[in-house]
Engineer: 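Questions regarding the structure given below will be posed in turn.
Throughout, residue positions are numbered sequentially from 1 according to the sequence presented. Since we're looking at a predicted model, the values are computed, not measured.
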Amino acid sequence: MRWLRENWLDALIFLLIALVAAGIVLYLTGINPFARPQAASPPPVPQVQPPSSQAPAPPSPAPEEAKPPEPVVTVIPLPQAPSEAAPQPAPEAKPKAAQEAKPKPAEPTQAPPKAPAPGGSYRVAVGAFANPENALKLSRELAAKGYPARLEASGNLTRVVVGPYASEAEARRVAEALKAYGAQVYRGEAPAPQEGRLYLQVGAFQKEENALALAGKLKEVGLPVVLVKDGVYRVRVGPVSPEEKEAVKAKVAALGLEAVEVP
């Protein structure tokens, strides 16, 4: 007992280590010393039914499950195949086919306008415009159709003219073809400006876009502009009176251009 009193701490540590080791061994082996033993349940007793003299009733049929309604299918009758025998052609078919086989008479086509004879004196005036661009547009349309279109000054308007032609009859034939434009036949050269008035030519160009650009610049400063086309595009201002001539020339000079008097 004296040893236990002197070494009680060592004995306590040894006892704790032994308990921990025993707990680890029981945990690894799956033994629980604190679990209560369960009572074994008795085996189930099979129930024996007494034999009956009556035959077992047949099993009642299970109620049929409600079937979904069948979809309604519309049957489209197929067309009957045509009979192999080809129908006999009607007696009128042959003469009608023969009539259609005949070539139709060729429709008369309008002959293109003849080139004007040199030195002719009859012309056809097709239209006159205050905007030179509209006159150029119409002259291009007429030239595409084969007409010898040109531009002339008529007062402060640009006139579209076709010709010249050697005879009045030829000029009137062309005017009839262009009656949708209000064409009119006249004789002689381009009309002279009004008495006491003249034109000032500012430029002449081979390309119409250059002529239109200059015409637009002159119209921006309030000058009346006309175009004359006789191989080249001539940009003219007028007609102006002799009193207005110097003022108009000054306006043209302010744009860095030079105006020349023309008849």
Side-chain angles (χ1 to χ4, degrees), residues 106-219 223-241 245 248 259-263:
E107 296 181 357
T109 57
Q110 183 179 356
K114 297 180 180 180
S121 58
Y122 291 94
R123 292 170 172 79
V124 180
V126 183
F129 302 89
N131 188 352
E133 187 173 356
N134 295 334
L136 275 175
K137 182 178 179 181
L138 178 57
S139 67
R140 286 196 300 265
E141 292 179 1
L142 296 174
K145 295 179 181 180
Y147 293 98
R150 55 184 294 174
L151 301 178
E152 295 178 352
S154 176
N156 58 350
L157 303 177
T158 300
R159 184 165 61 177
V160 183
V161 177
V162 175
Y165 296 99
S167 64
E168 183 179 1
E170 188 177 3
R172 294 202 176 278
R173 181 179 63 82
V174 174
E176 181 65 21
L178 299 176
K179 63 181 181 180
Y181 296 92
Q184 295 180 356
V185 177
Y186 73 95
R187 186 176 183 178
E189 296 293 335
Q194 301 175 6
E195 185 177 357
R197 290 181 175 267
L198 50 86
Y199 290 97
L200 300 176
Q201 182 167 303
V202 184
F205 304 92
Q206 292 289 343
K207 296 182 179 180
E208 66 177 43
E209 55 266 24
N210 296 335
L212 287 176
L214 178 56
K217 186 183 296 186
L218 294 172
K219 292 186 71 173
L223 296 176
V225 182
V226 296
L227 289 182
V228 175
K229 179 185 176 185
D230 52 359
V232 294
Y233 297 92
R234 305 181 188 274
V235 182
R236 295 179 178 177
V237 176
V240 296
S241 62
K245 179 177 64 173
V248 172
V260 180
E261 296 183 24
V262 292

Engineer: To the nearest 0.5 angstrom, please state how far the CD atom of Gln184 sits from the CZ atom of Arg172.
Structural biologist: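 So the CD of Gln184 and the CZ of Arg172 are separated by 10.0 Å.
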Engineer: Heavy-atom distance under 4.5 Å between the side chains of Leu200 and Val260, does that happen here?
Structural biologist: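 When only atoms from C-beta onward are counted, Val260 and Leu200 do not touch, as no gap falls below 4.5 Å.
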Engineer: Looking at every non-hydrogen atom in both residues, tell me the closest pair between Gln206 and Gly231 and how far apart they are.
Structural biologist: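 Result for this residue pair: OE1-O, 4.2 Å.
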Engineer: So which atom in Ala166 and which in Tyr122 form the shortest heavy-atom distance, rounded to 0.1 Å?
Structural biologist: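 Heavy-atom minimum between the residues: O-CD1, 3.8 Å.
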Engineer: State plainly whether the residues Arg173 and Glu176 are in salt-bridge range, i.e. N to O under 4.0 Å.
Structural biologist: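 No, this pair does not count.
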Engineer: Just so I know, are the side chains of Lys245 and Glu261 near enough to count as touching, which here means a heavy-atom distance under 4.5 Å?
Structural biologist: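 In contact.
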Engineer: Between Ala215 and Val225, what is the shortest heavy-atom contact and its length?
Structural biologist: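 Heavy atoms only, the tightest pair is CB-CG1, 3.7 Å.
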Engineer: May I have the step-by-step check of side chain to side chain contact (heavy atoms under 4.5 Å, CB included) for Leu218 and Val202, ending in yes or no?
Structural biologist: CA-CA 9 Å; Leu218 294 172; Val202 184; 4.0 Å; yes
Engineer: Just by distance, do the side chain of Ser167 and the backbone of Glu170 share a donor-acceptor pair under 3.5 Å?
Structural biologist: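 Yes; at least one donor-acceptor contact below 3.5 Å.
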Engineer: Do side-chain atoms of Thr158 reach the backbone of Leu227 as a donor and acceptor pair under 3.5 angstrom?
Structural biologist: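 Present.
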Engineer: Taking all non-hydrogen atoms of both residues into account, name the closest pair between Val124 and Ala171 and its distance.
Structural biologist: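 Closest approach of Val124 to Ala171, heavy atoms only: CG2-O, 3.4 Å.
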Engineer: Indicate yes or no: at least one non-hydrogen side-chain atom of Leu136 is less than 4.5 angstrom from one of Phe129.
Structural biologist: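 No, every pair of side-chain atoms sits at 4.5 Å or beyond.
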Engineer: Could you give the distance from OG (Ser139) to CZ (Arg150), rounded to the nearest 0.5 Å?
Structural biologist: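 It is 12.0 Å, given to the nearest 0.5 Å.
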Engineer: I'd like to check Pro224 versus Lys219 (side-chain heavy atoms, cut-off strictly below 4.5 Å). Are they in contact?
Structural biologist: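 No, every pair of side-chain atoms sits at 4.5 Å or beyond.
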Engineer: What are the two closest non-hydrogen atoms of Leu212 and Pro132, and how far apart are they?
Structural biologist: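 Closest approach of Leu212 to Pro132, heavy atoms only: CD2-C, 4.4 Å.
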Engineer: Do Asn156 and Pro239 come within less than 4.5 Å of each other through their side chains, counting heavy atoms only?
Structural biologist: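 Yes, their side chains come closer than 4.5 Å.
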Engineer: Just do the side chain to side chain contact (heavy atoms under 4.5 Å, CB included) check on Val262 and Leu198 with the steps written out, would you?
Structural biologist: CA-CA 7 Å; Val262 292; Leu198 50 86; over 6 Å; no
Engineer: Can you name the residues that form a side chain to side chain donor-acceptor pair (under 3.5 Å) with Gln201, not counting sequence neighbours?
Structural biologist: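 Side chain to side chain donor-acceptor pair (under 3.5 Å) check on Gln201 returns Arg236.
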Engineer: Can any side-chain N or O of Tyr199 pair as donor or acceptor with the backbone N or O of Gly155 at less than 3.5 Å?
Structural biologist: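 Yes; at least one donor-acceptor contact below 3.5 Å.
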Engineer: With rounding to the nearest 0.5 Å, note down the distance linking CD in Glu168 to OH in Tyr186.
Structural biologist: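 OH of Tyr186 is found 14.0 Å from CD of Glu168.
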Engineer: Does a side-chain heavy-atom distance below 4.5 Å link Val228 with Tyr233?
Structural biologist: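 No, too far: nothing below the 4.5 Å cut-off.
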Engineer: Which pairs, with at least one residue in residues 128-140 and sequence neighbours excluded, count as a salt bridge (Lys or Arg N to Asp or Glu O under 4.0 Å)?
Structural biologist: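 Every pair satisfying salt bridge (Lys or Arg N to Asp or Glu O under 4.0 Å) with a residue in residues 128-140: Arg140-Glu208.
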Engineer: Indicate the atoms forming the closest heavy-atom contact of Val235 with Ala211, along with that distance.
Structural biologist: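 Shortest heavy-atom separation between Val235 and Ala211 comes out as CG2-O, 3.7 Å.
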Engineer: Can you find a heavy atom in the side chain of Leu151 that is under 4.5 Å from one in the side chain of Asp230?
Structural biologist: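 Contact flag for Leu151/Asp230 side chains = no.
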Engineer: Please test Glu152 against Arg123 for salt bridge (charged side-chain N to carboxylate O under 4.0 Å, His left out), starting from the C-alpha separation and ending with a verdict.
Structural biologist: CA-CA 11 Å; Glu152 295 178 352; Arg123 292 170 172 79; 3.8 Å; yes
Engineer: Can you tell if the side chain of Leu142 reaches within under 4.5 Å of the side chain of Val160, non-hydrogen atoms only?
Structural biologist: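 Answer yes - side chains close enough.
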